[in-house]
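Quick note on labels: first sequence line is chain A, next is B, and so on, each numbered from 1.
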Amino acid sequence: MKVTLPDGSVKEVPTGSTFLDLAKSIGPGLAKAAVAAKLDGELVDLQASIPKDGRVVFIRGQDPEGADVIRHSAEHVLATAVVRLFAGAQVTMGPADHSKGFYYDFDVGRPFTPEDLEKIDAEMKKVIAEDVPFVRREVTKPEAGKIFAEMGQRFKPEILAWIPGETVTLYQDANFIDLCKGPHVPSAGKIGAFKLTGAAGAYWRGDATKDPLQRIRGVAFANKKELESYEKQMELAKARDHRKLGRELGLVNFSPLAPASPFFLPKGAKVYNLMVDYVRSLYDKYGYQEVITPQIFSAELFKTSGHYENYAENMYFAEAGHEAAGGEEAGAFGPGEAPTVEYAVKPMNCPGHCALYQMDLHSFRDLPWRVADFGRLHRAEGDATHGLMRVRTFCQDDAHIFCAEDQMAAEMASFVDLVDEVYGDFGLGDVKIRLATRPEKRMGADEQWERAETDLATVLKEKGRAFDLAPGEGAFYGPKLEFHVKDALDRSWQLGTLQVDFNLPERFGLEYVGSDSARHRPIMLHRAILGSLERFFGVYLEHTGGIFPTWLAPEQARVIPVTDRALAHAEKIRAALEERGVRATTDHSSDKLGAKIREAQLAKLPFMLIVGDKEVEKGGVSIRLQDGTDLGYLDLPAALARVAEDTEMPSHKRRRDTQKQGPVV
RNA sequence: GCCCACAUAGCUCAGUCGGUAGAGCACUUCCUUGGUAAGGAAGAGGUCACCAGUUCGAGUCUGGUUGUGGGCUCCA
């Protein structure tokens, strides 16, 4: 057999030798580090014999694909440990994607306790210490069925039935055999480090009407060091939890009196409003007009939009009691006969905007009509709420664009620019775009879908933007773009979205008069940049760890007197800062300087301006920055200029800088 | 909507075998006037989430409710 290695060299290997043999012949280090191999791009077991000539690449445990193999193998070791410890345990299956970790669903007749997990963990360590080999076997389906029947496994035959083809592959480690495509590590010892991260309920095939199962989750790595770095990352995430930071920094809090509904404290409200102001500051440039629409509508609106029929379980309804009572008192109706008007609290802005559109007759000259709304929305989410990330009341940087079909592409392009500008200003650099196309169940003509999907793809291509295609994941009413942003902790969040809607214009019978003086149906685009501002607040708080950019910081500068003798001077400095539009306070506490600095540091203030006897005498301040940098003494004008440099909103700053440059000659 | 766990001072948490509660931080007052991440003392703060039950007696045991967390499902 002739194999080509990544460096281009060709090696002759004896027939029947395995990939592991090949690795050993190259070097013992490689043989030790490798967990799998790739033959002509296809992942294979190291212990498999090389079947044909081809290009061979060895995959190490540290490589992303190697980490997947290690996690997948750890998952089998988990199952092995569970069947060893729990007589009669039924095993089902794990995830297809091992990029984040592994899990395996079991039925042992009861939930796993933390003590169970400890025992399972210990048993897994034993299997790994024994370095038991993973043995691959290819058998016919009936043979596999017989093996699982002997093992008393009742879920496996069902899985067997879904698998196409005549034969299946089995992997055996220690005393446990599992149905699996592989590949796996040659032996359990290659699993350098693992950790079980928890147990939770799940259902067979994710279906609540089917058997309840117990899922054990875990992570695994090539070595201890990688596990430790993972654990560190988890601790970091915990320390940055927005619920914790939100309370500690006095930004946001929650109360059982309004479940899953945030209370923004003065500082949090400051940041929140600055976020809104910032987005608003771009709306003129991009041609949006802001509107303010009702909170509570007659349920009729949502009957028209379709939400009443399809979304009612997530909506709050309201009844105006006085109407029924008033009718009875007036004697117009008998008891219980008064007509009650049913009201609903809006869960989204779009139906209201359709109602707004209907109020006037629109000409093609009016389009595109871009209607922005920071309206408060309420959704009766079930138990799946989570801090600010999933709440029952929130507001989006929401807008709807009513346009003609041939205007769609330009609107999409402009929106991509707007999103770029916003994410850039927030320092969110890692953006991935997904294009979700027509699902099975959908409304609207195929030609419409074709046009919209093509427009979206073309716009992205023309802008040179890479995107992932998500076939079939569009909404039933139209295709959409999703903007996924990675935060400082490498977690991905979907923030922005652009959704084409063929449905609502139809339901509301929206029209515009074209240049041909005939009536036409507009297209509606739903779009949001940051999405739910509550959620974005949470994401951004975790992204920054509470150290907001200065323009967003609720308190930008604190003047700290060393002793009370400097208080008057400190007040003067604060007033001068305030004059320049800086959000500044003075520290009046009777603490020592060290304690005052510590307080300001923990509050994550961008600027600390220290004034003591020396500064009083010379008239200036000493500046300390959030990162600990000591700028030393600055006279007052220099200090004010230094602070003001950072405090302005980026969109305002850009506009001013452009103006300064004067007209382009 | 489903499964599991948890709920003690503003926050973080201790509370043994069932015998009516503690610490640190924060808060208030007083002392201290100091030079770049915690000066000192005293004080106040609790229907142990809520409602039932078992018991001579419940923070502790049982059931229910609400809330929170983790997971599953859903997401027009």
Over 60° means perpendicular and under 30° means parallel, so classify the ring planes of [Y] and [X], tilted if in between.
| X | Y | value |
| --- | --- | --- |
| A/Y104 | A/F106 | parallel |
| A/F536 | A/Y540 | parallel |
| A/Y477 | A/H526 | tilted |

For A/L602 and A/S589, take the nucleotide of RNA chain B holding the closest heavy atom to each; which residue's nucleotide lies nearer the 5' end?
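Between the two, 5'-proximity favours A/S589.
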First of A/Q214 and A/S305 reached from the 5' end of RNA chain B, by closest nucleotide
A/Q214
Enumerate all atom pairs, one protein N or O and one N or O from nucleotides 31-33 of chain B, separated by less than 3.5 Å.
| unit_1 | atom_1 | unit_2 | atom_2 | d |
| --- | --- | --- | --- | --- |
| B/U33 | O2' | A/R565 | NH1 | 3.3 |
| B/U33 | O2 | A/D564 | N | 2.9 |
| B/U33 | N3 | A/D564 | OD2 | 3.0 |
| B/U33 | O4 | A/D564 | OD2 | 2.7 |

Rounded off to whole Å, could you give me the [atom1]-to-[atom2] distance for the [X] and [N] pair?
| X | N | atom1 | atom2 | value |
| --- | --- | --- | --- | --- |
| A/F263 | B/G67 | CZ | P | 14 Å |
| A/L631 | B/U36 | CG | P | 16 Å |
| A/E482 | B/C75 | CD | C1' | 12 Å |
| A/E313 | B/G1 | CD | P | 9 Å |
| A/E599 | B/C25 | CD | P | 13 Å |
| A/D241 | B/C11 | CG | P | 15 Å |
| A/D630 | B/A37 | CG | C1' | 14 Å |
| A/D591 | B/G40 | CG | P | 11 Å |

So what does [X] hit on the nucleic acid, given a heavy-atom distance under 4.0 Å: a base, only sugar-phosphate, or nothing?
| X | value |
| --- | --- |
| A/A260 | sugar-phosphate |
| A/R243 | sugar-phosphate |
| A/N314 | nothing |
| A/G387 | sugar-phosphate |
| A/G594 | sugar-phosphate |
| A/R215 | sugar-phosphate |
| A/A595 | sugar-phosphate |
| A/K614 | base |
| A/R379 | nothing |

Paired with A/H400, the side-chain hydrogen bond (donor to acceptor under 3.5 Å, both in side chains) test is passed by just one of A/R527, A/Q499, A/H353, namely A/H353
Just N and O in the side chain of A/R598: are any of them under 4.0 Å from OP1 or OP2 of B/C25?
no
Ignoring backbone atoms, test whether A/H386 places a side-chain nitrogen or oxygen under 4.0 Å from the OP1 or OP2 oxygen of B/U68.
no
Closest approach to the side chain of A/P256, judged atom by atom: which nucleotide of B/G67, B/G1, B/G35 is it?
B/G67
For A/K432, does the NZ atom sit with more than 12 other heavy atoms under 6.0 Å from it, leaving out its own atoms?
no
Enclosure of A/E617 CD (heavy-atom neighbours >12, cutoff 6.0 Å):
no
Need the pair for B/U12. Rule: Watson-Crick or G-U wobble, both distances under 3.5 Å, any strand; none if unpaired.
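Per the H-bond distance test, B/A23.
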Would A/R215 and A/Y103 count as a cation-pi pair here, with the cationic atom under 6.0 angstrom from the ring centre and within 45° of the axis?
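Yes, a cation-pi geometry holds between A/R215 and A/Y103.
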Within 45° of the axis and under 6.0 Å from the centre of the six-membered ring of A/F476, does NZ or CZ of A/K441 qualify?
no
Evaluate whether the aromatic ring of A/Y477 and the six-membered ring of the B/A76 base sit under 5.5 Å apart, centre to centre, with an inclination under 30°.
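No.
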Smallest heavy-atom separation, A/L301 atom then A/A355 atom, equals CD1-CB, 3.9 Å
B/A14 to B/G59 separation - C1' atoms, rounded to the nearest Å
13 Å
Looking at the base of B/G35, is there any donor atom on it, or on the side chain of A/E615, that sits under 3.5 Å from an acceptor on the other one?
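By the distance-only test, yes, there is a pair.
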